Protein chains: 2
Amino acid sequence: MSPRTSAAGSLQKSAPVFSALGDETRLRLIALLCAGGALSIAQLTAGTDITRQAVTKHLQVLADAGLVRDLWQGRERLWEFEAGRLDEARRSLDTIAQQWDRALARLKARLED
Amino acid sequence: MSPRTSAAGSLQKSAPVFSALGDETRLRLIALLCAGGALSIAQLTAGTDITRQAVTKHLQVLADAGLVRDLWQGRERLWEFEAGRLDEARRSLDTIAQQWDRALARLKARLED
DNA sequence: GCGTACAGCAACCAATTGGTTGCATATCCG
DNA sequence: CGGATATGCAACCAATTGGTTGCTGTACGC
């Protein structure tokens, strides 16, 4: 990768996380899980207009992205939020924003030159 | 929307932004545009293994999400980064993280009770 | 032990996505 | 003017996605 895209390397790792977050249903699941504790699939499905299987698939996508973790308890499969990858993604956005700010500062400096 | 998902409302608005960011090619474009100034489609295509049209489509996706803006200059169509929506998304992730931290704190308090 | 609630698996479907190719259009420059 | 450059538009394609239905398995509680 060329030098001028040095920041891109670490950025690209976050693509799967952003992709997982890029769906209203999944964002809702994330909001539920990070607010409450661990919830079952049935609980997460209640009140929605989609099927339990659809919710299961969404949870799987979130799990693949490392955003949630599942744990079995009896016949229930509980899902809980996992903060690690989301923090990474958050830092990625921070990096972009900082880079943008620096670019603006450089532009301003050149104009005032 | 139920009270316990109050944070979800503002979150959902960010879904299109996250969706747009959920692709390595588009993340690369964002990195390029927010580092440098305005770049043409030809410039953004150079060095990649995809077609100019593919890049155009990706830029359109980013534009629909409000992450980039285009401006014509002669026969060139220049694209530049636009920080607004990305900042919103950044705050969304911050909100989730804060909510999670509070949940952890409540859990900890209950355990130490 | 038996019904009920929680879940998995697989097949299937329509719509979207990421990408291509071919051709037309407009602008710059010698 | 005429060629090279920068782009748009449309059709087309395969793969992925978001969702469903039908059936099976398993743990809980009366």
Side-chain angles (χ1 to χ4, degrees), chain A residues 8 11-33 36-81 85, chain B residues 8 11-33 36-80:
Chain A
L11 240 188
Q12 315 253 339
K13 284 193 319 182
S14 297
V17 178
F18 289 132
S19 180
L21 293 175
D23 179 282
E24 292 199 8
T25 301
R26 287 194 292 266
L27 276 184
R28 180 186 151 276
L29 292 174
I30 288 286
L32 281 175
L33 291 179
L39 297 175
S40 72
I41 299 178
Q43 286 175 316
L44 291 169
T45 305
T48 71
D49 53 350
I50 59 175
T51 323
R52 171 179 59 89
Q53 279 81 355
V55 173
T56 298
K57 284 192 182 181
H58 281 300
L59 288 168
Q60 193 55 54
V61 172
L62 290 172
D64 288 345
L67 289 170
V68 299
R69 185 194 318 140
D70 69 310
L71 47 109
W72 280 90
Q73 190 167 296
R75 67 180 159 180
E76 283 187 327
R77 187 183 188 180
L78 300 181
W79 292 85
E80 58 184 12
F81 178 64
R85 292 289 171 79
Chain B
L11 239 188
Q12 314 253 340
K13 283 193 321 181
S14 298
V17 178
F18 289 132
S19 180
L21 293 174
D23 179 282
E24 293 199 8
T25 301
R26 287 195 290 266
L27 276 184
R28 179 186 151 277
L29 292 175
I30 288 285
L32 282 175
L33 291 180
L39 297 175
S40 72
I41 299 177
Q43 286 175 316
L44 291 169
T45 304
T48 71
D49 53 350
I50 59 176
T51 323
R52 170 180 60 88
Q53 278 81 355
V55 173
T56 298
K57 284 192 181 181
H58 281 298
L59 287 168
Q60 193 55 55
V61 172
L62 290 173
D64 288 344
L67 289 170
V68 299
R69 185 194 319 139
D70 70 309
L71 48 110
W72 281 90
Q73 188 167 299
R75 66 179 160 181
E76 283 185 329
R77 186 182 189 181
L78 300 181
W79 293 85
E80 58 184 11

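Reckoned from all heavy atoms, side chains included, excluding hydrogens, waters and symmetry mates. Just so it is clear, the structure is predicted and the values come from calculations on it, not from any experiment. Chain naming here is simple, since letters A, B, ... match the order of the sequence lines and numbering starts at 1 in each.
Annotation: side chain of L21(A) is in contact with side chain of L27(A) (closest heavy-atom distance under 4.5 Å).
In this view, T56(A) and I41(A), R52(A) satisfy the side chain to side chain contact (heavy atoms under 4.5 Å, CB included) rule, not counting sequence neighbours. With sequence neighbours excluded, the residues forming a ring-ring contact (aromatic ring centres under 6.0 Å, His included) with F81(A) are W100(B), listed by chain and number. Residues satisfying the side chain to side chain contact (heavy atoms under 4.5 Å, CB included) criterion with Q53(A), sequence neighbours excluded, are T51(A).
Here side chain to side chain donor-acceptor pair (under 3.5 Å) pairs that include residues 69-78 of chain B, with residues two or more places apart or in two chains, are R69(B)-E80(B), R69(B)-E82(B), D70(B)-R77(B).
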Each nucleotide in nucleotides 9-26 of chain D should get exactly one letter: B, S or -. Can you fill that in based on protein heavy atoms under 4.0 Å? B--------SBBBB----
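The separation between L44(A) atom CG and dA5(C) atom P is 19 Å, rounded to whole Å. Taking atom CD1 of residue I41(B) and atom C1' of nucleotide dT5(D), one finds them 13 Å apart after rounding to whole Å. One interatomic measurement links the two molecules: CD of E76(A) to C1' of dA7(C), which rounds to 10 Å at whole-angstrom precision. Distance, W72(B) CH2 to dT25(C) P: 15 Å, rounded to whole Å. Rounded to a whole Å, the CD atom of Q43(A) is 13 Å from the C1' atom of dA5(C).
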Validation: residues 57-68 of chain A side-chain donor-acceptor distances under 3.5 Å, sequence neighbours left out:
unit_1	atom_1	unit_2	atom_2	d
H58(A)	ND1	R26(A)	NH1	3.1
Q60(A)	NE2	D64(A)	OD1	3.2

